[in-house]
Amino acid sequence: MKKPDGKVGLLGDMNVGKTSLLHRYMERRFQETVSTVGGAFYLKQWGGCGLEAWGGGGREQFHGLGSMYCRGAAAVILTYDVNSLQSLTELEERFLALTDSASADCIFAIVGNKVDLSDDCASPADERRPEKPGASCGSKVRKQVRAEDAIALYKKILKYRMLDEKDVPAAEKMCFETSAKTGYKVDYLFETVFDMVVPIIVRQKAEGPPQTVDITDYKPAKRTKSGCCA
C-alpha cells in the first residue's frame, strides 16, 4: 500500500466525540460508542494526496499514544465538548504538550463537539437576553464553552509553538463547533483542514527531503598500515 502523504491527528479528553466525528465524516453515519480503546484510523484521498486520520483514545492509559498520533502530523484537531468547560481545560493541561512531535508547519484546529446537546437560548452569549414568555430550553443543557474561550486556547497554542499570528490562519477561521450526531459542520471542519494541509504537503514534496546528515550512520574510514613495517 502506498505510504500516505500526510497525517491528521485528533486529540481530546474521553467522551468528547473524536471517534464519532471520524465515523460521521468517513462513513457518513453516527455510531453510539463507549470510549475508544487505543484509537481509530482512516485513509482519505484529498487534492491528489493520501491523508491518514487518527483519533486517539482520551483515557489515561492511552494518553501516551497521543504523541504517536501527532508525530509528523500536518494537522492536529484538538477536540472538546461544548457542554464541558473541563474538557477544554484538559486540552491545554494534558494534550498540548503532545503536539511537540507534530511537523513544524502543523495546522491547528479547535473543535467544540456535541452542540446538539445544547440550546441557543441556554448559551452563555444569551444570558443577558430577556426570555420570551413561555420560552423553554427543554431538556437541553447550557453551553459551558464560549467561542472566545476556544479562540483564547488557539492563541495559547500559537504562543506555545512560538508562532506569529500573522503567519498562520486566523483564530476565528480555525475554531469550529460541530455535532457528530447530526452531522452539523462536520464536513466543513474536515474539508477546511484538508484544504489547508494539501498545499503544505505539495510544497514539502517539491522541496524534497531536508539536507541533513545522519551521524548515527557515520563510519570512520579503515586505516591502512604504512611505513617500514607495512
Side-chain angles (χ1 to χ4, degrees), residues 8-36 39-47 51-58 69 75-91 95 107-127 129 131-132 135-154 157 169-198:
V8 176
L10 279 76
L11 292 180
D13 203 6
M14 59 185 296
N15 296 327
V16 298
K18 302 179 297 297
T19 303
S20 295
L21 284 169
L22 281 171
H23 282 162
R24 168 59 73 181
Y25 181 68
M26 299 293 185
E27 301 180 9
R28 320 309 295 173
R29 66 188 177 92
F30 176 72
Q31 180 176 332
E32 294 279 3
T33 61
V34 294
S35 297
T36 302
F41 170 75
Y42 289 92
L43 289 171
K44 178 73 174 180
Q45 289 294 321
W46 192 264
L51 302 175
E52 53 181 350
W54 292 82
Y69 299 152
V76 172
I77 299 174
L78 292 156
T79 312
Y80 66 94
D81 177 349
V82 296
N83 309 299
S84 168
L85 185 58
Q86 182 60 31
S87 67
L88 184 75
T89 302
E90 290 290 316
L91 289 180
F95 293 94
I107 299 270
F108 290 90
I110 311 297
V111 179
N113 191 37
K114 300 191 179 184
V115 294
D116 56 285
L117 298 180
S118 65
D119 196 294
D120 286 342
C121 70
S123 69
D126 294 331
E127 285 179 346
R129 183 181 299 175
E131 274 193 19
K132 295 180 180 179
S136 172
C137 292
S139 61
K140 295 193 175 183
V141 299
R142 180 178 298 274
K143 188 189 294 184
Q144 291 189 18
V145 184
R146 302 168 298 171
E148 49 264 43
D149 296 326
I151 289 173
L153 175 60
Y154 182 80
I157 292 172
E172 291 77 9
K173 189 174 182 179
M174 301 310 297
C175 294
F176 305 81
E177 289 190 349
T178 62
S179 168
K181 186 172 185 177
T182 66
Y184 175 73
K185 291 292 182 77
V186 175
D187 285 3
Y188 177 66
L189 158 66
F190 283 102
E191 292 171 7
T192 297
V193 172
F194 292 166
D195 281 341
M196 291 183 176
V197 163
V198 167

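FYI, side chains are in, hydrogens and waters are out, and symmetry mates aren't considered; it's all heavy atoms of this structure. We count residues from 1, following the sequence as given.
At least one side-chain heavy atom of P169 sits less than 4.5 Å from a side-chain heavy atom of Y154. Residues T192 and F176 are in side-chain contact: their nearest non-hydrogen atoms beyond the backbone lie under 4.5 Å apart. Annotation: side chain of I107 is in contact with side chain of M174 (closest heavy-atom distance under 4.5 Å).
A donor-acceptor pair under 3.5 Å is absent between the side-chain atoms of S20 and the main chain of A180, judged by distance alone. For the pair K114 (side chain) and N15 (backbone), a donor-acceptor distance under 3.5 Å is present. The backbone N or O of R146 lies less than 3.5 Å from a partner atom in the side chain of D149, making a donor-acceptor pair. Under the 3.5 Å distance criterion, the side-chain polar atoms of T89 are matched with a main-chain donor or acceptor of L85.
Note that CG of L21 and CZ of F190 are 5.5 Å apart. Values are rounded to the nearest 0.5 Å. In this structure, OG1 in T178 is found 14.0 Å from OH in Y25, a value given to the nearest 0.5 Å. In this structure, L10 CG and K18 NZ are separated by 8.0 Å, a value rounded to the nearest 0.5 Å. Note that the OH atom of Y188 and the CG atom of D195 stand 10.0 Å from one another [nearest 0.5 Å]. For the atom pair E52 CD and F41 CZ, the distance stands at 5.0 Å (nearest 0.5 Å). Taken to the nearest 0.5 Å, the CG atom of N83 stands 9.5 Å off from the CG atom of N113.
When every heavy atom of L22 is checked against every heavy atom of G55, the shortest pair comes out as CD1-N, 3.6 Å. Heavy-atom minimum distance, L11 versus F95: CD1-O, 4.0 Å. Between L91 and G12, the closest heavy-atom pair is CD2-CA, 3.7 Å. Of all heavy-atom pairs spanning F194 and L51, the tightest one is CD2-CD1, 3.6 Å. Taking all atoms of both residues into account, the shortest heavy-atom contact from S179 to V186 is O-CG2, 3.5 Å. When all heavy atoms are compared, the tightest approach of V145 to S84 is CG2-O, 3.8 Å.
Pairs engaging residues 175-194 under the salt bridge (charged side-chain N to carboxylate O under 4.0 Å, His left out) rule: R28-D187, K143-E177 [sequence neighbours left out].
Across V16, L153, I157, a single residue satisfies side chain to side chain contact (heavy atoms under 4.5 Å, CB included) together with L78, and that is I157.
Here Y184 pairs with nothing under the ring-ring contact (aromatic ring centres under 6.0 Å, His included) rule; sequence neighbours left out. With sequence neighbours excluded, no residue forms a salt bridge (charged side-chain N to carboxylate O under 4.0 Å, His left out) with E172.
S87 and D81 form no side-chain donor-acceptor contact under 3.5 Å, judged by distance and modelled atom types alone.
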